[in-house]
Amino acid sequence: MRIVVDLNRCLGYAQCVPLAPDVLRLKGDEALTYDPNPDDKHRLRVLRAAASCPVQAILVDQLDETEGKP
Amino acid sequence: MSGSASESPKSLEAFKTRGRIVIVGASLAGLRAAEALRAAGFTGRLTMIGDEADEPYDRPPLSKQVLAGWVPASHTRLPRARAVDADWRLGVAAVALDRVAKLVRLANGDEVGFDRLLIATGVRSRQWPNPDEAALDGVYTLRTSTDAARLRKALAASPKRVLVIGAGFIGSEVASVCRDLGLEVTVAERAATPLAGALGGVIGAVAAEMQRQHGVDLRTGVGVSALEGDARGHVRAAHLSDGTTLAVDVVLASRGASRTIEWLDGAGLAAGFWGVGCDAGCRAFDINGVVTDNIFVAGDIARSPHVLYEYQFLSMEHWDNAVLGAEIAGHNMVSDETQRRPHLLLPGFWSGQFGINIKSVGVPSFGDEILLTQGSFESRRFAAAYGRRGRIVGAVTFDYGKWLQFYGAQIQRSGPFPPPAAGFDRPADARPVPADFPARGVPTGIPDVVLTGHDPNERSAEYRPRGH
């Protein structure tokens, strides 16, 4: 799956981190870092993490198939 | 693919169903514009042209998660909001624009005709200026996922010393990753501090202290005069402008980016060093300042006048400028005049380095004074505001991002400087001091947000950083 976190919007509440710790991590007190293309087995956890974000900064793909593959 | 003159659809509705749109540049801005076009009801033919072979991917992770070895370079592909149903022409660059015939020429000789065009070709890394030295093994730049994969491989091979040339955001982030990996790293910066172009010397001094405490061998006020290779063509030494020589086996040239405008040569558009001039609705200007009807610009390559900054043309290499500019451009490309929207973004960026989250809002470099408004420099947890002529024009936070919106709101309404007190932790003795930005023409890296004057074709904005 694919995600992107809008880190302008992210305020470092880190609600998402314990919900999907293999995908989203905090570096220091406030800097969020993440795996943009995590394995699909994390999908449910990532969706929960995205839903938990107070500022809705985590964008998850809306498509199973993507175009433009080389 | 034919560029033959099929009759252009006359009405907007006909254009939305049968028109041809070409987007040149298949990265963040190009992708989001394509999605915006489909969201706005465009069902005509859409072609995406990109010089990189890979589908659209996100770049900010490359200098962080990817270099650190957590995420492979190929795993930053962007999530899709919707199907864009495009004809993807990836791995082939656009080489020319013919505005009269309304077609784009590609490097493989193909021609792609359009009714409306979006220019989103962005920027690329400035290469090390000496081509022989740039070609040495072990000398890198960092912009694409291919660059990141190569540099990651070099860092994973446990080099004895990494040299980072240029302490802007990317250079500083790479130095941070090197220290996390336990690698010895030297940072050479011609300005007096890191991050000087973006945040000024006061904040730069905080960044310098942070780098040194994390074990970076930071050398400011020096340039790199030459790189030297060994018999196998691998870099082995760097000669600095202060006469010292460093033994290095990996070199990253991070000296800013240049706009990808060469393919627009001869097209008569207002394209120059800082990008392609466009109006606040993303429509490109021609070389005489006349706005075009069918050519739009988005992302890093766009420069457009901004109401908050005296209507100077603002050029921004920011993630949200690509996203939000593309959404506006896509909407406006398929809208009537009265439905068009302005792209008037309050600039904002972030940078994670040395465990600190640095964020900014507004255009700090437009200011000439800075005031520590919350927290302390020593703790590296603070907010500071930038002012010019009694108005707040920008702000920066170190691990204080929750307060950034407060400053953003002040900037948006051109509030006073110093700003009203925020929170309870205002330093007792803080007073405005000069923000200490490098003078124009000082040879530091190219900053990623630049006010480029009032002239759409940039004749008044000749800012040529010297050499390296």
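Not measured: the values here are computed from a predicted model. A, B, ... follow the sequence lines: proteins, then strands. Residue 1 opens every chain.
In summary, the side chains of B/Q412 and B/Y407 do not present any donor paired with an acceptor at a separation below 3.5 Å, with no hydrogens or angles considered. In the model, A/D35 has no side-chain atom that pairs as donor or acceptor with a side-chain atom of A/H42 under 3.5 Å. A donor-acceptor pair shorter than 3.5 Å can be found between the side chains of B/Q211 and B/S172. Side chains of B/Q65 and A/R25: no donor on one and acceptor on the other come within 3.5 Å.
Residues of residues 13-20 of chain A lying under 4.5 angstrom from chain B, judged on non-hydrogen atoms, are A/Y13 in numerical order.
For B/F349, the ring-ring contact (aromatic ring centres under 6.0 Å, His included) partners at least two apart in sequence or on another chain are B/F169, B/H318. Considering only residues two or more places apart in sequence or on other chains, B/F354 meets the ring-ring contact (aromatic ring centres under 6.0 Å, His included) condition with B/H214.
For residues 348-360 of chain B, the set of pairs meeting the side chain to side chain donor-acceptor pair (under 3.5 Å) definition, not counting sequence neighbours, comprises A/E30-B/N357, B/E173-B/S351, B/S351-B/Q353.
With B/I49 as reference, B/V22 is the one residue of B/T121, B/I23, B/V22 to meet the side chain to side chain contact (heavy atoms under 4.5 Å, CB included) rule.
Contacts between B/D320 and chain A at a heavy-atom distance below 4.5 Å involve backbone atoms as well as side-chain atoms. Contact annotation for A/L7: both backbone and side-chain heavy atoms come within less than 4.5 Å of a heavy atom of chain B. When heavy atoms are compared at a cutoff of 4.5 Å, A/V60 approaches chain B solely by way of its backbone atoms N, CA, C and O.
For the options B/W319, B/W403, B/W70, B/Y57, heavy-atom pairs under 4.5 Å to chain A are most numerous at B/W70. Most heavy-atom pairs under 4.5 Å with chain B, from the set A/G12, A/A31, A/C10: that is A/A31.
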